[in-house]
Amino acid sequence: MPDQLIAGNWKMHGTVAWSLALVEELKHRNLDALNAEVCVCPPFTALYAVHQALRGTDIKLGAQDVFWKEQGAYTSQISPPMLVELGVSYVIIGHSETRGRFGVPEPDFTEEILRHFGENDATVNLKVKAALLHGLTPIVCVGETLAERQAGQTDAVITAQVKRDIDGLDPAEVGCLVFAYEPVWAIGTGEVCDAPEANRVCALIRHIVTDICGEEAAQSVRVLYGGSVKPDNAHDLLEQPHIDGALVGGASLNANSFAEIVSHAHKIAERRNNGG
Ligand code: 13P
C-alpha cells in the first residue's frame, strides 16, 4: 500500500517571508523520516521561494490552481508549464472556493461570484487534462454543500462531479489522479465529517472510478479527505480503509499541527506494514 498523502493547502495565507519561516519549521520536524508523502501548496507568489527552500527534502510542492492553456491573452492566469518551471508536482483543481455557484438568487450573486471564481466541472475537466499533459498530478476536489447533504443528494452530487471531472480521460490517466472529498460544509467550519461517513463517500469515489475506468485505475487512484482535519481527528479519518490521506487547510498553517497530522499517517502506515 503506498504511503498516505498529507497535503497542506495554505490558501491565501503567506507572504514569501512567512512561507519560508513555516518551511524552516517543517524542516525541523524531520518529516522525511516518516512513512507519509507530504506536500505543501503555498500561494503562487511563494512557490519559487518555497521550491528553493524545500531542496534536499522529500516534501513536494503543490499549487492551488492552474489554467488549461499553455500561454496567451489570459490575464491573471497561470499555465501548467509555468508551474512545472517552479518545481511544482501537485496542483489542486476544483476546490470549492474556486468552483462557482451560479443560479443563486440575484441579491447573493455578486458575493457568490467574488467568493467562488466561477469554476465548474467543464473547466475542472480542462484543467485536469492540461495538468496531466504537463506531468502535474491533479488533486481534484469534489464535495456537496450543506443544502445538498440535507436534501439527500450527496451521492448524486459526488457522482456527477467525478464523472464530469474525468470525462474523456483514459484509465491510465485517471489512475494517476488524486481526488479530495471535501464536503463544503466541513471546510473551515471546525465541523468535520465523521470518519465512517467520510470513508463511505471516499469509497463511492473509488467505486465510480471502477465503473468508468476499471479496477486497475480504481486501485491506483488516491482519495483524500479534506474539511476541518486537525491533529485530534486525523487518526480516526486516516485509519479508514478508503481514505488515502488528507487535504489540510487551517491546520497546515502551523508546523506543529501539520507535523502531528503527518505523524498520525506514519503510525497508521507502520501498523499496517506490521500486519496490524
Ligand atoms: P480546513 O482544513 O481549514 O477546513 O480547509 C480544508 C480545505 O479546504 C483544504 O483544501
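Just follow the structure's listing: the first ligand is 1, and inside any ligand the first atom is 1.
- Ligand 1 places these atoms under 4.0 Å from at least one heavy atom of G188: 1 (P), 3 (O), 4 (O).
- Between I261 and the choices N233, V248, V38, the side-chain contact (heavy atoms from CB on, under 4.5 Å) rule is met once, by V248.
- Counting atoms of ligand 1 from 1 in the listed order, those under 4.0 Å from a heavy atom of S228 are 1 (P), 2 (O), 4 (O).
- Of the possible polar contacts, none joining the K27 side chain to the T57 backbone as a donor-acceptor pair under 3.5 Å is found.
- Heavy-atom distances between G190 and ligand 1 stay at or above 4.0 Å for every pair.
- Here's the thing with G227: none of its N/O atoms is less than 3.5 angstrom from an N/O atom of ligand 1.
- Taking every non-hydrogen atom of N9 and a distance limit under 4.0 Å, the qualifying atoms of ligand 1 come out as 9 (C), 10 (O).
- Set against the non-hydrogen atoms of A186, the atoms of ligand 1 under 4.0 Å away are 4 (O).
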Full working for salt bridge (Lys or Arg N to Asp or Glu O under 4.0 Å) between K60 and D3: CA-CA 14 Å; K60 307 268 176 43; D3 284 345; over 6 Å; no
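- Among protein heavy atoms, the minimum distance from atom 5 (O) of ligand 1 is reached at K11 NZ, 3.3 Å.
- Side-chain N or O atoms of T145 include none that pairs as donor or acceptor with a backbone N or O of V184 at under 3.5 Å.
- At a 4.0 Å heavy-atom cut-off, ligand 1 touches L247 through backbone and side chain alike.
- At least one donor-acceptor pair under 3.5 Å links the side chain of R206 to the backbone N or O of V221.
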Verdict with supporting geometry, H95 and Q64, side chain to side chain donor-acceptor pair (under 3.5 Å): CA-CA 8 Å; H95 193 282; Q64 298 176 19; over 6 Å; no
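- Residue G250 places at least one N or O, backbone or side chain, under 3.5 Å from an N or O of ligand 1.
- Among the atoms of E97, none of the N or O lies under 3.5 angstrom from an N or O of ligand 1.
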Stepwise salt bridge (Lys or Arg N to Asp or Glu O under 4.0 Å) check, R99 with E182: CA-CA 12 Å; R99 282 179 187 263; E182 295 210 317; over 6 Å; no
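- With hydrogens left out, the protein atom closest to atom 9 (C) of ligand 1 is E182 OE2, 2.9 Å, a heavy atom.
- Under 4.0 Å from ligand 1, not a single heavy atom of C141 appears.
- Protein heavy atom nearest atom 2 (O) of ligand 1, with residue, atom name and distance: G249 N, 2.9 Å.
- Heavy-atom minimum distance, P80 versus F67: CD-O, 3.2 Å.
- Between T189 and ligand 1, no pair of N/O atoms sits closer than 3.5 Å.
- Hydrophobic clustering (ILVMFWY, side-chain heavy atoms < 4.5 Å, transitive): L61 and L136 are in one cluster.
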